[in-house]
Amino acid sequence: MLVLLASIFVVHIATVIMLFVSTIANVWMVLNNGTGSVGLWKNCTSTDGCSDSLSYGGEDALKAVQAFMILSIIFSVISLVVFVFQLFTMEKGNRFFLSGATMLLCWLCILVGASIYTHHYADGSQSHQGYSFILTWICFCFSFIIGILYLVLRKK
């Protein structure tokens, strides 16, 4: 049981770190010729460096993606703190419902944010997905698995 709790804790920390990286890094889309990349916050080129001027920066869809990705980080960190708190204060035999529900809220925010970005910006004609985009979908899978495990798991 201790190994299971430790492994869930490690995967949860890895998910939080990957969410931070995928939200902060500016490699959601990479140009096919390799001269630049676009993220949620900046547009980077190999010649001019990074600039705050996104060609679609004023669009509501991008603002929604930014908001949902930030919310997913917040819910993931809250879930981790609640899990550690419940680990030391909860009575034996109880389930980690609050941790699981908070992590599933994180999962939902990742789903909405990544789906909006995929629908609006991942056209694939002149660019392909970068590592931040892929990390986001990996975090989507991990947060769902962790959330379900928290709901099923009992403290012994």
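What you see below is based on every heavy atom in this structure, not just the backbone, and it leaves out hydrogens, waters and symmetry mates. Everything numeric here is computed off the predicted structure, so don't read it as measured data.
A distance of 12.5 Å separates CZ of Phe83 from CG of Leu98, quoted to the nearest 0.5 Å. How far CD1 of Ile74 is from CG of Leu105: 12.0 Å, rounded to the nearest 0.5 Å. Gln66 CD to Thr23 OG1: the interatomic distance, rounded to the nearest 0.5 Å, is 10.0 Å. One finds the CE atom of Met69 at 11.0 Å from the CD1 atom of Ile116 (value rounded to the nearest 0.5 Å). Here the NE2 atom belonging to His120 is positioned 10.5 Å from the OG atom belonging to Ser115, to the nearest 0.5 angstrom. Atoms CG and CD1, on Leu71 and Ile78 in that order, are 9.5 Å from each other to the nearest 0.5 Å.
The shortest distance between side-chain heavy atoms of Leu151 and Leu104 falls below 4.5 Å. Under the 4.5 Å side-chain criterion, counting only non-hydrogen atoms from C-beta, Ile24 is not in contact with Trp41. Contact check for Ile13 versus Phe9: side-chain heavy atoms found under the 4.5 Å cut-off. Two residues are said to be in side-chain contact when any heavy atoms from C-beta on lie closer than 4.5 Å; Val152 and Phe96 fail this criterion. Within the 4.5 Å cutoff, no side-chain heavy atoms of His128 are placed close to those of Met29.
Of all non-hydrogen atoms in Val16 and Ser76, the two that sit nearest each other are CG2-OG, 3.0 Å. Of all the heavy atoms in Cys106 and Ser72, the pair that sits closest is SG-O, 3.3 Å. Shortest non-hydrogen contact noted between Tyr117 and Val38 is OH-O, 4.3 Å. Of all heavy-atom pairs spanning Ala114 and Phe133, the tightest one is O-CE1, 4.5 Å. The two residues Tyr150 and Ser79 come nearest to each other via the heavy atoms CE1-OG, 3.8 Å.
In this structure, Asn26 contributes its side chain and Asn43 its backbone to no donor-acceptor pair below 3.5 Å. Judged purely by atom type and a 3.5 angstrom limit, Ser37 has no side-chain atom pairing as donor or acceptor with the backbone of Val30. In this structure, the side chain of Gln129 does not engage the main chain of Ile134 through any donor-acceptor pair within 3.5 Å.
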Show me the donor-acceptor pairs, under 3.5 Å and distance only, between side chains in residues 136-149 and residues at least two apart or in other chains.
| from | atom 1 | to | atom 2 | distance (Å) |
| --- | --- | --- | --- | --- |
| Thr136 | OG1 | Ser22 | OG | 3.4 |
| Thr136 | OG1 | Ser132 | O | 2.8 |
| Ser143 | OG | Cys139 | O | 2.9 |
| Ser143 | OG | Phe140 | O | 3.0 |

request  = Might you work through the side-chain contact (heavy atoms from CB on, under 4.5 Å) test for Ile110 and Leu19, ending with a clear yes or no?
outcome  = CA-CA 9 Å; Ile110 295 171; Leu19 273 173; 3.6 Å; yes

task = Evaluate the side-chain contact (heavy atoms from CB on, under 4.5 Å) criterion for residues Leu4 and Leu153: first the C-alpha distance (whole Å), next the side-chain angles of each, then the deciding distance (0.1 Å), finally the verdict.
result = CA-CA 10 Å; Leu4 180 65; Leu153 195 63; 3.5 Å; yes

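No path of Ile, Leu, Val, Met, Phe, Trp and Tyr side chains, each step under 4.5 Å between heavy atoms, connects Val10 with Ile17, placing them in separate hydrophobic clusters.
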